[in-house]
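Pasting a structure below so you can have a look.
The shown structure was predicted, so the numbers you read here are calculated from the model rather than taken from an experiment.
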Amino acid sequence: MTRYLFGPELFWMLMYLGAGFLGKANQPPTKGMDDFIETLWFWIPAVSMLVFGLWWLPSVEKNWLLLRVWVVGIVGGHLVMEKALSAYSNQGPGIGMGYLAGMMLLFLVLVVGSVVVKIWG
């Protein structure tokens with residue numbers, strides 16, 4: 001059972017909890033926190049590269065892992081990005097574009113990570 005415990009689902013759940021804490025930390029909104037939230041379109045996909053490190057952990061079940069990474073990556077990425085960027089105090093078209101850019105970057109990270117683990121994993 002522990003072979004299935006450590007996986008992409010746990011990673012994205014922790015990211016979602018972090019996004020929730022970030023939203024609570026931005027009450028009342030501060031300039032420094034808003035500036036950080038504004039850059040999360042880049043940092044969430046960048047940190048999501050860590051999930052591909054699961055291929056080099058011996059205790060992780062590798063069957064269906066790539067499919068799990070993709071499904072949970074897209075769903076979890078959407079939920080985390082939406083939760084984190086909704087904490088921005090001045091909602092507008094700029095933060096919406098940040099969401100779109102973040103999701104496109106996340107898709108690129110999933111493609112590149114998949115190629116890397118298929119070649120060297």
Connected via hydrophobic side-chain network under 4.5 Å: L57 and V69: yes
Contact summary for L65 and P8, nearest pair of heavy atoms: CD1-CD, 3.8 Å
CD1-CZ distance between I44 and F42, expressed to the nearest 0.5 angstrom: 12.0 Å
4.5 Å side-chain heavy-atom contact, L22 and L40: yes
Anything under 3.5 Å between a donor and an acceptor, one on a side chain of residues 11-19, the other on a protein residue two or more places apart or in another chain? List them.
none

In one Ile/Leu/Val/Met/Phe/Trp/Tyr side-chain cluster, 4.5 Å: L54, L50: yes
Same cluster (ILVMFWY, side-chain, under 4.5 Å), M49 and W56: yes
Throw together a table of side-chain donor-acceptor distances under 3.5 angstrom for residues 105-121, partners on residues two or more places apart or in other chains.
unit_1	atom_1	unit_2	atom_2	d
S114	OG	W70	NE1	2.7
S114	OG	L110	O	2.7

Considering all heavy atoms, the nearest W41-P45 contact: O-CD, 3.2 Å
Name every donor-acceptor pair, under 3.5 Å, that has one atom in a side chain of residues 82-104 and the other anywhere in the protein, sequence neighbours excluded.
unit_1	atom_1	unit_2	atom_2	d
S86	OG	E82	O	3.2
S86	OG	K83	O	2.9
Y88	OH	E38	OE2	3.4
S89	OG	D34	OD2	2.3
Q91	NE2	L85	O	3.1
Q91	NE2	S86	O	3.4
Q91	NE2	Y88	O	2.9
Y99	OH	H78	ND1	2.6

Nearest non-hydrogen partners of R68 and E61, listed with the distance: NH1-O, 4.3 Å
